[in-house]
Number of protein chains: 2
Amino acid sequence: MSFARPVPVALIGLGGVGRAVLAQLLSPPLAARFNLVLIANSRLSLSLPLPAAAITPVNYLPILEKHGVPLDVPSIVSVLSRHPDAPGILIDATGSDTVPSLYPQILGMGVHVVTPNKKAFSGEETLYRSIQDASYPNAAALVYGESTVGAGLPILSTLRDLVGTGDEVEKIEGVFSGTLSYIFNEYSKPEGGDVKFSQVIKIAKDLGYTEPDPRDDLSGTDVARKLTILARLVPSSPSLPQGYASVPTQSLVPPILADAQTKEDYLSRLGEGDAYFDQLRSEAANEGMVVRYVGVVDLKEGKVEAKLGKYPKDHAFATALKGSDNIISFHTKRYSPRPLVIQGSGAGADVTAMGVTSDMIKIHERLRTVRP
Amino acid sequence: MSFARPVPVALIGLGGVGRAVLAQLLSPPLAARFNLVLIANSRLSLSLPLPAAAITPVNYLPILEKHGVPLDVPSIVSVLSRHPDAPGILIDATGSDTVPSLYPQILGMGVHVVTPNKKAFSGEETLYRSIQDASYPNAAALVYGESTVGAGLPILSTLRDLVGTGDEVEKIEGVFSGTLSYIFNEYSKPEGGDVKFSQVIKIAKDLGYTEPDPRDDLSGTDVARKLTILARLVPSSPSLPQGYASVPTQSLVPPILADAQTKEDYLSRLGEGDAYFDQLRSEAANEGMVVRYVGVVDLKEGKVEAKLGKYPKDHAFATALKGSDNIISFHTKRYSPRPLVIQGSGAGADVTAMGVTSDMIKIHERLRTVRP
């Protein structure tokens, strides 16, 4: 039957998420749906299958190094668009800015795009619009980015269902950063505690929960990007012409550390910021509250914001949240007075890859199901 | 463009959910995707549009009564299968057993089925298998029943994504009945209380949260049906040859009331059961626990069960749950040690209808998106 034909796929980007996507794609049941025709890292690409070697998630790197040719994204897209089982899917598992800038052309060639890369959807409105114009429902090519918010959690698909079926979204509120979730769950507990903010940052960094320079998490930019992606799915949202840069975003680098030039300088002086955070925490505790770093898309107020917020000690953001979990609440006309809430691990290679491969299954179903 | 063609739809069943589906289908943006060609209740069906009258969620009933013809499901299916924009979708919003028994034939005629009716998926394995054999991926027709579990909450779609991308489901645990959620949230609070079980039942009945005979909720059958639907999506689940009837299910009608013959007899004697429930509650309270009626699909133990359970006072089932919310936890290899949790209203006409219409959007996308 025609819907059993595998869909040709090229995977660009072989960092943590890319390798986890590779592992999922090579495992049954996904290997039956998808024909992996090319893998690439930031320098080299390799057409598959090679005559003498089957690629596995373990052996791919030396084979790529030995047989790879310099990466050339347009020629990869060209291969996918002319494959006998075309149209194919390009997986952009890079963190690059340049691949997303090519999405409109890629989609225009009839090649579908699946990506965990937030850049295209959270940047300038002009690029975002070009991508929308080049994809369904305006054109036949599909672009999916479920894992850009909440990794494998069904956040964007749920928001699309709410909007698509005519619900009125009033507010989306949540803890969107696994790193900042961990930091504040440890720093500001409902039962109290006197751990220093600098200690928590150091532990989080040692556990690999932060970027090499923790300021990349503490800037709030990642949260602002996710809010931009969510807001753009709700027609009544305020416009964000510069994308995440248009979102008011509170930085967690305290004023006293703002002049740290290097990562090393910042890390060595971390303790200087403790007084700043201790004051925030004790102010909240005096009101029976905890401190959390949240993102809010408030359609009634017309505001999109990434900021520190205080929540009562019995609020789900205080009690239900553990480790590096994300939690997202959708307050809508139908889900009222209590919101629809989704919670769970919102970061990590395996769950992010799951968001990518579940998008691919949806594309496979749309390409291969039904021929009336 | 071809994907803009509306999909012909027939809606059978005009109770609370059916009327809410009607309202959603007649509203933009859904009216652009779907061409409602027929509505029917349990007796009469009406082809649309009528020459002189536009159907609305308000005026449909007198028009149906005046112009309707006796309901004949096979002829409706025949119309959908031969429509110029076929294949069409049959929405079974009935609570009937007979319409689900026809799904294999309906699907075999190329007509898609969307339903909030649990009967087909939670009954005998033989019917369930016939439906699977007659639908995708074995055939081109699609059958969707997202709203059979958790109404508009993304429960089944999330479980499909977990299984489809190769995660290993270890346990699904949750409060699946809005009615029983309300009853136990009121009866057994983390902070204690001495309200009588019979009082809570009476209030729930007066609020319209229970069936006319509350024993229909208290039997646990609705939970057992939902567990059957979930379990059948996980390949490693124990087989349930008789469907919900194969699920060990604890009844909440206490032994002393088991001999009540009529609803009236049962309701008048409700207070006789209070001692039974008071004992359960005080046993739990002595251990720092609350009582909840939960459903469990335990893949490690190979068990599917609907039962009363005790949960610590700081467990999400005790603290996060309010009103008639459902809460469902997916414990998997990837979502470990903390589960993926989805919570929100799991009953009510509007959110159940949303589950139906979001399924329809997915079918529309699969029928109309891409023509390589």
Side-chain angles (χ1 to χ4, degrees), chain A residues 1 3-4 24 27-30 85-87 110 112 136-142 152-154 157-158 160-162 164-167 314 316 319-320 322-323 325 327 330 333-335 337-345 348 350-351 353-355 357-358 361-362 365-367 369-372, chain B residues 1 3-4 24 27-30 85-87 110 112 136-142 152-154 157-158 160-162 164-167 314 316 319-320 322-323 325 327 330 333-335 337-345 348 350-351 353-355 357-358 361-362 365-367 369-372:
Chain A
M1 279 174 279
F3 47 80
Q24 289 184 25
S27 73
L30 295 180
D85 288 325
H112 309 294
Y136 177 88
N138 299 308
L142 300 166
L153 300 175
S157 56
T158 297
R160 276 183 219 278
D161 283 349
L162 291 166
T165 61
D167 200 357
D314 62 354
T319 60
K322 298 280 189 305
D325 277 3
I327 185 167
F330 297 95
K333 191 174 175 194
R334 287 184 202 139
Y335 286 95
R338 289 177 311 284
L340 190 171
V341 180
I342 298 173
Q343 180 180 350
S345 176
D350 278 352
V351 292
M354 173 193 150
T357 57
S358 66
I361 290 174
K362 291 177 182 74
E365 290 177 344
R366 286 171 73 162
L367 291 173
T369 315
V370 189
R371 294 290 119 102
Chain B
M1 278 172 282
F3 48 80
Q24 290 184 23
S27 73
L30 295 179
D85 288 325
H112 310 293
Y136 177 89
N138 298 307
L142 301 166
L153 300 175
S157 56
T158 297
R160 277 184 219 278
D161 283 349
L162 291 165
T165 61
D167 200 358
D314 62 354
T319 61
K322 298 281 189 304
D325 277 3
I327 186 167
F330 296 96
K333 190 173 176 195
R334 287 184 202 138
Y335 286 95
R338 289 177 312 283
L340 190 172
V341 180
I342 297 173
Q343 179 179 351
S345 176
D350 279 352
V351 293
M354 173 193 150
T357 57
S358 66
I361 290 174
K362 291 176 182 76
E365 290 177 345
R366 286 171 73 162
L367 291 173
T369 315
V370 189
R371 295 290 120 99

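It should be emphasised that the depicted structure is a prediction, and the values quoted were computed from it without experimental measurement. Naming convention: chains lettered A, B, ... in sequence-line order (proteins, then strands); numbering from 1 in each chain. No hydrogens, no waters, no symmetry mates; every other heavy atom, side chains included, goes into these values.
- Of the atoms belonging to Lys333(B), not a single heavy atom falls under 4.5 Å from chain A.
- Heavy-atom distances place both the backbone and the side chain of Arg334(B) under 4.5 Å from chain A.
- Top candidate by heavy-atom pairs under 4.5 Å with chain A, chosen from Thr158(B), Leu153(B), Thr319(B), is Leu153(B).
- Partners of Thr357(B) by side-chain hydrogen bond (donor to acceptor under 3.5 Å, both in side chains), not counting sequence neighbours, listed by chain and number: Gln24(B).
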Point to revise | Check against side-chain contact (heavy atoms from CB on, under 4.5 Å), Ile361(A) and Asp161(B) | key: CA-CA 8 Å; Ile361(A) 290 174; Asp161(B) 283 349; 5.8 Å; no
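- In terms of the salt bridge (charged side-chain N to carboxylate O under 4.0 Å, His left out) criterion, residue partners of Asp85(B) (sequence neighbours excluded) are, by chain and number, Arg5(B).
- Each of Thr165(B), Leu162(B), Leu340(B) has some count of heavy-atom pairs under 4.5 Å with chain A, and the biggest count is that of Thr165(B).
- Nearest approach of Gly164(A) to Pro29(B), heavy atoms of both residues: O-CG, 3.5 Å.
- Contacts of Ser27(A) with chain B are absent, with no heavy-atom separation under 4.5 Å from either backbone or side chain.
- Heavy-atom distances place the side chain of Leu30(B), and not its backbone, under 4.5 Å from chain A.
- For the pair Tyr335(B) and Asp325(A), the minimum side-chain heavy-atom distance is 4.5 Å or more.
- Between chain B and the residues Gly110(A), Gly323(A), Ala320(A), the largest count of heavy-atom pairs under 4.5 Å involves Gly323(A).
- Ranked by heavy-atom pairs under 4.5 Å with chain B, the list Gly152(A), Gly344(A), Ser358(A) is led by Ser358(A).
- Neither the backbone nor the side chain of Ile327(A) comes within contact range of chain B, judged by heavy atoms closer than 4.5 Å.
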